[in-house]
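To start, the structure under review is shown below, and the notes come after it.
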Amino acid sequence: DIQMTQSPSSQSASVGDRVTITCRASQSISTYLNWYQQKPGKAPQLLIYATSTLLSGVPSRFSGSGSGTDFTLTISSLQPEDFATYYCQLSYSAPWTFGQGTKVEIK
Amino acid sequence: EVQLLESGGGLVQPGVSLTLSCAASGFTFSRYVMSWVRQAPGKGLEWVSGISGSGDTTYYADSVRGRFTISRDNSKNTLYLRMDSLRAADTAIYFCVKDLGYFTFDFWGQGTMVTVSS
């Protein structure tokens, strides 16, 4: 099975900061990589799919990049509503594994 | 508007069975792959099982294969997850999710909690 490793596991940041989260696959997955945001007590929400395509309605401060084994989620200017946990997810093959999550906290 | 409403969770003892349901609306249910994703308390997300739109093809995580059975009734727009031989490690919120394509989950239900404890 392909393993997905996110880093960091948590990050403290301030409003306006640029935040970067990394996801690494244990083998090449082309661009079959998605990103989700989860706020406490809520279901996750899809933000970005196929590495870099923003779901309709997702603010343009979110962006994704990468290919093969290394992927990045970037928030260009962190907003108060962005404090949450972010998960990457493999959509290349079964099992459709998630990364362990990155919690973005207020500094 | 897409809506996914899970039900059937609860507190059960180890070894028993439980069936979760997910009532879907707002989209043509039979056209989409559907999955279950779970989240243990304070932990990350784990994909559990998926099923094709027709119901002919099913997929399972190794952790549940042989114990869980996914199914769907397209006439009722409902997804099911039958869970047998439940273990404490199955304790989690179970989310019903709709597939955008390539097992990309674009809509999630609110989840139903399953607690396995003696």
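Reckoned from all heavy atoms, side chains included, excluding hydrogens, waters and symmetry mates. Convention: sequence-line order gives letters A, B, ...; per-chain numbering from 1.
Put simply, the side chain of A/Q89 reaches to within 4.5 Å of the side chain of B/F105, judged on heavy atoms.
Heavy-atom pairs under 4.5 Å with chain B peak, among A/A94, A/A50, A/P95, A/P44, at A/P44. Chain A forms more heavy-atom pairs under 4.5 Å with one residue of B/T104, B/V97, B/L100 than with any other, namely B/T104.
Interface remark: B/E46 contributes backbone atoms only to the contact with chain A (heavy atom separation under 4.5 Å). Using a 4.5 Å cut-off between heavy atoms, B/V48 makes no contact with chain A at all. For B/F95, the part lying under 4.5 angstrom from a heavy atom of chain A is the side chain only. Residue A/Y92: no heavy atom, backbone or side chain, is found under 4.5 Å from chain B.
Linking ILVMFWY residues whenever their side-chain heavy atoms come closer than 4.5 Å, directly or via other members, places A/I2 and A/Y87 in the same cluster. Cluster membership for A/V15 and A/I21, using ILVMFWY side-chain heavy atoms within less than 4.5 angstrom, is shared. With hydrophobic clusters built from ILVMFWY side chains whose heavy atoms lie under 4.5 angstrom apart, A/L54 does not share a cluster with B/F107. Cluster annotation: B/Y94 is not connected to B/L45 through the hydrophobic network of ILVMFWY side chains, with a link wherever side-chain heavy atoms come within less than 4.5 Å.
Environment of OH in B/Y32: sparse, with no more than 12 heavy atoms of neighbouring residues, nucleotides or ligands closer than 6.0 Å. More than 12 heavy atoms of other residues, nucleotides or ligands sit less than 6.0 Å from atom CZ of B/F27. For A/Q45, the CD atom sits in a loose shell: 12 or fewer heavy atoms of surrounding residues, nucleotides or ligands are nearer than 6.0 Å. B/R67 CZ: more than 12 foreign heavy atoms inside a 6.0 Å radius.
Going from atom CD of B/Q39 over to atom CZ of A/F98 covers 9.5 Å, rounded to the nearest 0.5 Å. A distance of 12.0 Å separates OG1 in A/T97 from CZ in B/F103, rounded to the nearest 0.5 Å. Rounding to the nearest 0.5 angstrom, the gap separating the CG atom in B/D99 from the OG atom in A/S91 is 9.0 Å.
Closest heavy-atom contact between A/A43 and B/G109: CB-O, 3.3 Å.
Ring geometry for B/Y59 versus A/W96: interplanar angle over 60°, hence perpendicular rather than tilted (30 to 60°).
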